[in-house]
Amino acid sequence: MKLEPSKVIWFNGELVPWEKATVHVLTHALHYGSGVFEGIRAYKTVQGTAVMGLKEHVARLFQSCKLINLQLRWTESQISDAIRATVRENGHDACYIRPLAFSGYGALGVHPGDNPVELAIATFPWKGHFTPESLAQGVDVCVSSRRRMAPDTHPAMAKCTGNYVNSMLIVAEARQHGYADGIALDYTGYVSEGSGQNIFLLYDGRLLTPPVGASILAGYTRRCILQVAKDLDIPTVEQAIPREMLYTSSEVFLCGTAAEVLPVRSVDRRQVGSGARGPVTEKIQKRFFATLRGELDDKHHWLTPV
Ligand SMILES: Cc1ncc(COP(=O)(O)O)c(C=O)c1O
């Protein structure tokens, strides 16, 4: 994601110029991964700019803070207001939104002591990781040699910065071998998720996805897909998924704020289904994107106007 600077960043309660939102090199989070973040998008809808899953993303930010013992000085509604204000001030009609809370400058032991907990909210234009062709034709992925963290190690449910070394290595290995991304298994060897996406498989007419207990980040998009599937009368099951099912599914897709709904056409060079976007994936994509553009009734209240 190549950054295109915007005008301002919300930093500890104030809107400051983009280039002034800086920290000291001895900031605790830079050394120990003691930060949490969110990835949110605002879409241009026919009714104006709207943030997707604002309440849920802010709630997950608080949950992540709790899981790594960061105490924020702002409430959920203050942060939601700050996000909307930043999008407005930067004049975006569509953008990526990156709130980041972290243990700041002060003590430099592993224990953060009473370091200040800082919060920044950046917004910037962004077209997404994946091209329109990938969204239409699907991508090639591999199963990663690197697993997701075991449940008694890092808190997989927290979107904390330290966890993303795992994601970074998964995607780097995949790219090195010519794949768009990698699918990680969990510590028991069942399918977990992509480097920054949850995964769904269409198997015998049912839509399967790994449960939260498979060391996944419980994605907001995953939740939306489960709602869309219900609306479309597609049965869904959260269950342990053996790796073999990736190869024998009729359809596979990844989902997330960045990936949106991204078809997978092969895993480990083995063709999935017809080797192209499957009809169920396409149906889900259509419903998902039409809601985001404000063309369909937002019956599950995904969108918040800025
Ligand atoms: C590891 C990981 N899994 C899944 C997701 C998908 O989550 P969401 O749909 O909330 O963006 C993300 C993206 O935030 C992620 O980083």
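Both ligands and their constituent atoms are indexed starting at 1 by order of listing. Atoms considered below: every heavy atom in the structure, side chains included; atoms not considered: hydrogens, waters and symmetry mates. Given the structure is predicted, the values throughout are model-derived calculations rather than measurements. One is the number of the first residue; the rest follow in order along the sequence.
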Quiz item: Would you call the rings of Phe288 and Trp302 parallel, tilted or perpendicular, where under 30° means parallel and over 60° means perpendicular?
Solution: tilted

Practice problem: Would you mind reporting whether Glu56 and Cys224 have side-chain heavy atoms less than 4.5 Å apart? | Solution: no

Quiz prompt | Close side-chain approach of Gln197 and Leu262, heavy atoms under 4.5 Å | solution = no

Quiz item: Less than 4.5 Å apart, any side-chain heavy atom of Leu202 and any of Arg206?
Solution: no

Self-check item: Side chain, backbone, both or neither: the part of Ser195 lying under 4.0 Å from ligand 1 by heavy atom
Solution: backbone

Quiz item: Taking the six-membered ring for Trp, are Phe124 and Tyr96 parallel (under 30°), tilted (30 to 60°) or perpendicular (over 60°)?
Solution: tilted

Practice problem: Using a strict 4.0 Å cut-off to heavy atoms of His57, name the atoms of ligand 1 that fall inside it. | Solution: 10 (O)

Quiz item: Are the side chains of Val237 and Thr209 in touch, meaning some heavy atoms are under 4.5 Å apart?
Solution: no

Quiz item: Taking atom types as modelled and ignoring hydrogens, do the side chains of Ser145 and Glu173 form a donor-acceptor contact shorter than 3.5 angstrom?
Solution: yes

Self-check item: Backbone or side-chain N or O of Tyr220 under 3.5 Å from ligand 1 N or O
Solution: yes

Quiz item: When clusters are formed by joining ILVMFWY residues with side-chain heavy atoms under 4.5 Å apart, either directly or through shared neighbours, do Leu100 and Leu70 land in the same one?
Solution: no

Exercise. Give the residue and atom name of whichever protein heavy atom lies nearest to atom 11 (O) of ligand 1, and the separation in Å to one decimal.
Key: Thr257 OG1, 2.6 Å

Exercise. Please report which non-hydrogen protein atom sits nearest to atom 5 (C) of ligand 1, along with the residue it belongs to and the distance in Å to one decimal place.
Key: Gly196 O, 3.5 Å

Exercise. Looking only at distances, please establish whether an N/O atom of ligand 1 is found under 3.5 Å from an N/O atom of Arg222.
Key: no

Exercise. Using a strict cut-off of 4.0 Å, indicate which atoms of ligand 1 neighbour a heavy atom of Asn198.
Key: 4 (C), 6 (C)

Practice problem: Identify the protein heavy atom lying closest to atom 3 (N) of ligand 1, giving its residue, its atom name and the separation to 0.1 Å. | Solution: Glu193 OE1, 2.7 Å

Quiz item: Is it true that Glu56 lies under 4.0 Å from ligand 1, counting heavy atoms only?
Solution: no

Practice problem: Check if Lys159 has a non-hydrogen atom at a distance under 4.0 Å from any atom of ligand 1. | Solution: yes

Quiz prompt | Parallel, tilted or perpendicular, as decided by the 30° and 60° cut-offs, for the rings of His24 and Tyr105 | solution = tilted

Exercise. Looking only at protein heavy atoms, identify the closest one to atom 9 (O) of ligand 1 and say how far it is in Å.
Key: Thr221 OG1, 2.6 Å

Quiz item: Any N or O of Tyr164 that comes nearer than 3.5 Å to an N or O of ligand 1?
Solution: yes

Self-check item: Nearest non-hydrogen protein atom, atom 7 (O) of ligand 1
Solution: Gly219 CA, 3.3 Å

